[in-house]
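Predicted model only: the values in this text are computed from it and were never measured. Proteins come first, then strands; the chains are lettered A, B, ... in the order of their sequence lines, and each starts at number 1.
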Protein chains: 2
Amino acid sequence: MAASLPPDTKPEVDAIVETIIYLYTESRRLTKGLAAQFGLTGPQLTVIKLLEELGDLSLSSLSERIRAQNSTVTGIIDRMEREGLVKRERSTTDRRVVYIRLSEKGQKLAREIQVEPMEIFRSALTDLSQSDLEHLLRILAKLQKRVVSHVEGRVSEAMGAPRVGEEEDKP
Amino acid sequence: MAASLPPDTKPEVDAIVETIIYLYTESRRLTKGLAAQFGLTGPQLTVIKLLEELGDLSLSSLSERIRAQNSTVTGIIDRMEREGLVKRERSTTDRRVVYIRLSEKGQKLAREIQVEPMEIFRSALTDLSQSDLEHLLRILAKLQKRVVSHVEGRVSEAMGAPRVGEEEDKP
DNA sequence: TCCGGATATTTCGTACACGAAACATCCGTG
DNA sequence: CACGGATGTTTCGTGTACGAAATATCCGGA
C-alpha cells in the first residue's frame, strides 16, 4: 500500500500545488471561453488549430497530440463532422486508419482564430526573465523526473515485473 | 479580439507548458488509480478525505473546495449517496442548505485510505531542496499574478466595464 | 406583512474522458 | 496460403464537468 505521508507538509508545497492547479484549470477555462466565441468547444479548437498546423492526421496521432484516448477523440470528431468542420477519409494504403481533414468551413474558421491554445499561459511565461524561465524549467524537470520514476515503480510493481537499472533519481 | 501571438515561442516556454500539463494530468491519473483500488473514483476519494478532515460541509462549500460547479458536485454526491458513502442532511437553521456527512461506511473507508489526493505530487515536491521550493513558488506566483490580471482584464472587457489602472501586461 | 432580489440546490442538455470489448484490417511466420 | 497476434477505430457504459433554467428558501425594506 502507498506509504502514509504524515501531514507535516511544508506550506510551500501546498501553495505550489494550488498554483499549478490554478494555472492549468484557468488555461483550460480561457481556451474554452475563446472557443465559445466561435461556436466551438475547447477540444474542438485545439483540434482545428492542430490540423491547420500539421495537415491531415490519423485519429490515433491526433489522440496522442492532445493526450486523450482514441475513444474520446472519436466522439470529438463525430461532433465536428456533424458540424461540417472536418471530414473522415479512409487511408488507401492501410484501410484501418482514418485521416481527419479540415473542411472548407474548418479551414476558414482556423484562419479566423488567431490564437494558440494555452495562449494566456504562454504569453505570461514569455514575460518572465530568461533566468527565471530556465530556473523554472530546471526545477519542473526535476519534479517530473521524480514523478515519472514513481509512476514506473508503481507500474512494474503492479505487474509483478520489477525492472532493474531504470535510472534512480537520487539528488 | 485576442492579439495574435507570433509563434516565435521560446523553447523553454513550450517545455514548461508541457511539463505542467504532464504533472497535472499524471497526478489526476494516479489519484484515480489509487481510488479505484477502493472502488472509488478520483473526485469521490477527494470528497471523502475532505469530509474526514473538515467534518460535515454544505454542498456549496464542498464545490468551492474541489473547484467544481454545484451542479457537478450534486452528481458526485448523488452517486456517493447511492453507494451509501455519504448522507444528505437538510440544515435546520437555513432550509436551503444541505450538509454532506460521511456515513459509517464512508468513515471506515476514509480511515483505510492513508493517502492525500495529489500525494505523489506532494511527495515529489517535498524532496526538492528548500531553496528550489522557494524559488519555484516565487516564479509560479509571479506567473499566476500575470494570468490573474489578464483574466480580470478579459472579464471586465467582456462586461463592457473597462477598468483602469489594473496593470496592463505588455511585454 | 408582503414582495422582490439574493442565495442554495437540483434538473436538464451537451460535451468530454476513460476503459473494456467489439470489429476490421494488417502482417509475419510456418 | 492460413492463421494468430498486433494495430487502428468504434461502441458502450459510467462518471465527471459546465451553464442555464427551475425550484425552494431566505431576507431586507416599503
Side-chain angles (χ1 to χ4, degrees), chain A residues 21 24-26 28-37 39-48 56-83 85-100 117 158, chain B residues 21 24-26 28-37 39-48 56-83 85-100 117 158:
Chain A
I21 292 178
Y24 179 87
T25 56
E26 197 60 22
R28 271 176 75 112
R29 208 175 64 76
L30 289 170
T31 298
K32 186 173 177 178
L34 174 64
Q37 298 175 5
L40 297 175
T41 66
Q44 288 175 6
L45 171 56
T46 306
V47 166
I48 280 192
D56 305 359
L57 287 177
S58 74
L59 191 130
S60 335
S61 35
L62 198 49
S63 354
E64 267 181 49
R65 285 277 178 174
I66 70 179
R67 291 170 185 279
Q69 299 302 119
N70 286 345
S71 50
T72 301
V73 178
T74 293
I76 295 173
I77 297 301
D78 282 349
R79 289 179 289 272
M80 292 180 75
E81 200 173 19
R82 197 212 303 149
E83 300 295 325
L85 297 168
V86 298
K87 279 179 297 186
R88 277 179 164 93
E89 307 234 338
R90 208 99 215 171
S91 162
T92 52
T93 61
D94 184 340
R95 290 168 44 70
R96 288 170 304 178
V97 341
V98 173
Y99 285 106
I100 316 298
Chain B
I21 292 178
Y24 179 86
T25 56
E26 196 60 22
R28 272 175 76 110
R29 206 175 65 75
L30 290 170
T31 298
K32 186 175 177 178
L34 173 64
Q37 298 176 5
L40 297 175
T41 66
Q44 288 174 6
L45 171 56
T46 306
V47 166
I48 279 191
D56 305 359
L57 287 177
S58 74
L59 191 130
S60 334
S61 35
L62 199 49
S63 355
E64 266 180 49
R65 285 277 177 172
I66 70 178
R67 290 171 185 281
Q69 299 302 118
N70 286 344
S71 50
T72 301
V73 177
T74 293
I76 295 173
I77 297 302
D78 280 350
R79 289 180 287 272
M80 291 180 75
E81 199 172 20
R82 196 212 303 151
E83 300 295 325
L85 297 167
V86 298
K87 279 179 296 185
R88 277 180 165 90
E89 307 235 336
R90 207 99 213 171
S91 161
T92 51
T93 61
D94 184 341
R95 291 167 45 70
R96 289 170 303 177
V97 340
V98 173
Y99 285 106
I100 316 298

Residues forming a side-chain contact (heavy atoms from CB on, under 4.5 Å) with A:Gln69, sequence neighbours excluded: A:Ser71, A:Thr72
D:dT16 phosphate, OP1 or OP2, under 4.0 Å from B:Arg79 side-chain N/O: yes
Sugar-phosphate only, base, or nothing, as touched by B:Thr74 at under 4.0 Å among non-hydrogen atoms: base
First encountered from the 5' end of DNA chain C, between B:Arg88 and A:Thr92: B:Arg88
DNA chain C: 5'-proximal contact among A:Arg90 and A:Gly42 (nearest heavy atom): A:Gly42
Exercise: identify the closest heavy-atom pair between B:Met80 and B:Gln44: CG-CG, 3.6 Å
Whole angstrom value for the distance that separates [atom2] of [N] from [atom1] of [X]:
{"X": "B:Arg82", "N": "D:dT14", "atom1": "CZ", "atom2": "C1'", "value": "9 Å"}
{"X": "A:Ile77", "N": "C:dA17", "atom1": "CD1", "atom2": "C1'", "value": "15 Å"}
{"X": "B:Tyr24", "N": "C:dA17", "atom1": "OH", "atom2": "P", "value": "11 Å"}
{"X": "A:Arg67", "N": "C:dA17", "atom1": "CZ", "atom2": "P", "value": "13 Å"}

Minimum-distance nucleotide (side-chain atoms of A:Ile76 versus C:dA17, D:dG15, C:dT25): C:dA17
Atom CZ of B:Arg95: over 12 foreign heavy atoms under 6.0 Å: no
Provide a list of protein-nucleic acid N or O atom pairs under 3.5 angstrom, restricted to nucleotides 19-22 of chain C.
unit_1: C:dG19; atom_1: N7; unit_2: A:Ser71; atom_2: OG; d: 3.4
unit_1: C:dG19; atom_1: O6; unit_2: A:Ser71; atom_2: OG; d: 3.0

List, with names and distances, any nitrogen or oxygen atoms from the protein found under 3.5 Å away from nitrogen or oxygen atoms belonging to nucleotides 2-8 of chain D.
unit_1: D:dT7; atom_1: O2; unit_2: A:Arg96; atom_2: NH1; d: 2.8

